[in-house]
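Contents: one structure, followed by commentary.
Small disclaimer: the values here were computed from a predicted structure and weren't measured. Keep in mind that the numbers below use all heavy atoms, side chains included, and drop hydrogens, waters and symmetry copies. In what follows, chains are A, B, ... by sequence order, proteins preceding strands, each numbered from 1.
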Number of protein chains: 2
Amino acid sequence: MVKSETREPVTRERAIRVAVALADVGGIEPLSMRKLAAELGIEAMSLYYHVKSKDDILDGMLDVVYSEFSTPHAGDERRSAMRDRAESTRNVLAQHPWAISIKARNSPGLATLGHLDSVIGCLRAAGFSMPLTGHAMSILDSYVQGFAQQEASLPLDPSGDIGAATEDIMAQQDQMAQAFPNLADMAVKPDPAAGLRLRQRVRLRTEAHPRRHRSSAGRRWQSP
Amino acid sequence: MVKSETREPVTRERAIRVAVALADVGGIEPLSMRKLAAELGIEAMSLYYHVKSKDDILDGMLDVVYSEFSTPHAGDERRSAMRDRAESTRNVLAQHPWAISIKARNSPGLATLGHLDSVIGCLRAAGFSMPLTGHAMSILDSYVQGFAQQEASLPLDPSGDIGAATEDIMAQQDQMAQAFPNLADMAVKPDPAAGLRLRQRVRLRTEAHPRRHRSSAGRRWQSP
DNA sequence: TGTTCGACCTTACACCGTATGGTCAGCTCA
DNA sequence: TGAGCTGACCATACGGTGTAAGGTCGAACA
């Protein structure tokens with residue numbers, strides 16, 4: 001379609017970079033081989049020349065994310081290095097929220113391995129035994145990852161979504177306030193700085209399925 | 001196909017229960033509307049009489065999981081209640097690992113709301129302010145969830161998988177030991193009790209794509 | 001000048017969620 | 001008794017998915 005001198009050459013690295021960019025914009029579910037190929041200016045099956053499978057791309061994308069984490073250097077002070085790492089993890093995952101949902105795979109890339117290696121090296125250099133290093137990493141990573149996941153599940157960008165969405169639940173608020181008084185209490189006066197923002201957590205996803213093609217009086221999933 | 005008196009009646013609740021059972025056995029990716037319907041003895045489209053969409057089923061499944069968490073009762077002591085909750089969360093999520101990957105949705109069910117309500121009630125009864133309650137829940141949930149996620153990403157059942165899978169990486173171990181000395185060190189002498197088991201983390205997923213249909217000498221994704 | 005080969009394409013398949021519109025037994029009510 | 005309604009289910013179809021199998025073609029090389 002476009003002359004080869006005009007089009008930037010396709011490589012595994014570029015495909016993965018473009019995939020990351022697409023996922024950043026539109027999320028990871030709508031990212032398909034066909035759309036990625038189109039973005040690269042080729043056909044879907046041509047991707048398989050550069051890449052094993054879609055999972056291979058996802059692994060590569062995760063490795064890109066790992067490469068953006070702040071990695072401790074030799075001689076870094078332990079506490080500040082771990083703090084930098086945690087903060088950068090939070091920031092990077094906020095920029096690539098899709099990474100959290102694909103984090104449970106098992107084929108780490110070079111950046112991932114390098115990052116973990118550096119972290120282990122930093123802790124060991126600080127005098128930690130190997131078991132203690134494992135424990136420290138488990139504790140830190142569990143919390144940071146879990147926090148990032150909580151944060152990602154909230155609609156952080158204030159795109160007018162919150163006000164409209166809460167109206168749905170407000171209609172039933174009387175019943176809800178009776179059934180879940182503590183929850184209602186927290187939803188009414190939330191702490192703006194708290195990690196949990198229950199009012200947003202509770203919003204219903206009604207706009208995803210706005211209407212049915214026929215009178216739905218009998219449908220089980222309609223509220224009576 | 002089967003007489004209606006023979007077949008257990010299909011309801012939203014039963015569909016979700018069966019979906020949970022299927023996901024427990026085979027994971028959540030292969031769970032499709034057609035397979036679930038077949039398991040229930042009906043056709044795929046008949047599910048939509050009882051259920052809004054597949055997302056509706058996933059929401060219901062998550063609510064089932066929440067209903068299995070240990071929920072604090074009125075008057076429970078704060079520390080032990082939170083500890084029970086954390087431990088049961090770990091155990092329940094170990095039994096339903098798929099729940100972790102769909103945890104970032106936004107249409108909570110009654111069990112979810114009830115559970116959160118009870119937790120808030122317990123902390124408030126212990127004298128926590130509302131902001132402090134939010135903070136406490138954020139901290140606890142972040143860690144417990146992150147830990148469960150780490151744990152789920154490891155192949156916990158010793159189905160002979162570990163030994164075979166590590167052979168792949170052992171072949172390249174010399175190069176890896178040089179590039180990532182700390183990682184290799186931890187992989188060689190891991191702590192059996194540590195949360196991170198790097199040796200297993202590092203295994204390659206080669207068996208997923210065992211061979212190609214043609215000589216793959218030129219493929220970019222083959223190691224040179 | 002013929003052969004190889006890297007990079008790409010076409011076609012096809014099985015599967016997915018679900019929109020649309022039946023079908024039909026059993027019930028209500030005139 | 002018979003007409004109409006309705007709850008529960010089914011058949012077909014559409015546009016999407018990942019990817020197996022094999023074809024095409026220009027450039028590089030013998």
Which protein N or O atoms sit under 3.5 Å from an N or O of nucleotides 24-27 of chain C?
none

Every protein N/O within reach of nucleotides 15-17 of chain C N/O, cut-off under 3.5 Å:
unit_1	atom_1	unit_2	atom_2	d
dC16(C)	OP1	S32(B)	OG	3.0
dG17(C)	OP1	K54(B)	NZ	2.6
dG17(C)	OP2	M33(B)	N	2.9
dG17(C)	N7	R34(B)	NH2	2.5
dG17(C)	O6	R34(B)	NH2	2.8

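Put simply, CG on L58(A) and CG on L31(A) are 7.5 Å apart, with the number rounded to the nearest 0.5 Å.
Residues that satisfy the salt bridge (Lys or Arg N to Asp or Glu O under 4.0 Å) test with E87(A), not counting sequence neighbours, are R83(A).
Separating the CD1 atom of I57(A) from the C1' atom of dT17(D) is a distance of 14 Å, rounded to the nearest angstrom. What separates CD of E29(B) from P of dT17(D) is a distance of 18 Å, to the nearest Å. If you measure from atom CG of L47(B) to atom P of dC9(D), you get 10 Å, rounded to the nearest angstrom. In this structure, the NE2 atom of H50(A) is 9 Å from the C1' atom of dG6(C), given to the nearest Å. Rounding to whole angstrom units, CG of residue L36(A) and C1' of dG18(D) are separated by 13 Å. To the nearest angstrom, P of dT19(D) lies 19 Å from OH of Y49(A). The distance from atom CD1 of I28(A) to atom P of dT17(D) is 14 Å, rounded to the nearest whole Å. One atom, CE of M45(A), and another, P of dA20(D), lie 7 Å apart when rounded to the nearest Å.
Checking E13(B) against H50(B) by side-chain atom types alone, no donor-acceptor pair falls below 3.5 Å. Judged purely by distance below 3.5 Å, without hydrogens or angles, the side chains of T112(A) and D63(A) pair a donor atom with an acceptor atom.
Shortest non-hydrogen contact noted between M61(B) and I28(B) is CE-CD1, 4.2 Å.
Salt bridge status for D141(A) with R85(A): present, with a side-chain N to carboxylate O gap under 4.0 Å.
Side chain of S46(A) to main chain of I42(A): no donor-acceptor pair is present (N/O by atom type, distance under 3.5 Å, no hydrogens or angles). Although no hydrogens or angles enter the test, the distance criterion places no donor-acceptor pair under 3.5 Å between the side chain of D84(A) and the main chain of S70(A). A donor-acceptor distance shorter than 3.5 angstrom exists from the side chain of D117(B) to the backbone of L183(A), with no hydrogens or angles considered.
OP1 or OP2 of dC9(C) sits under 4.0 Å from a side-chain N or O of S46(A).
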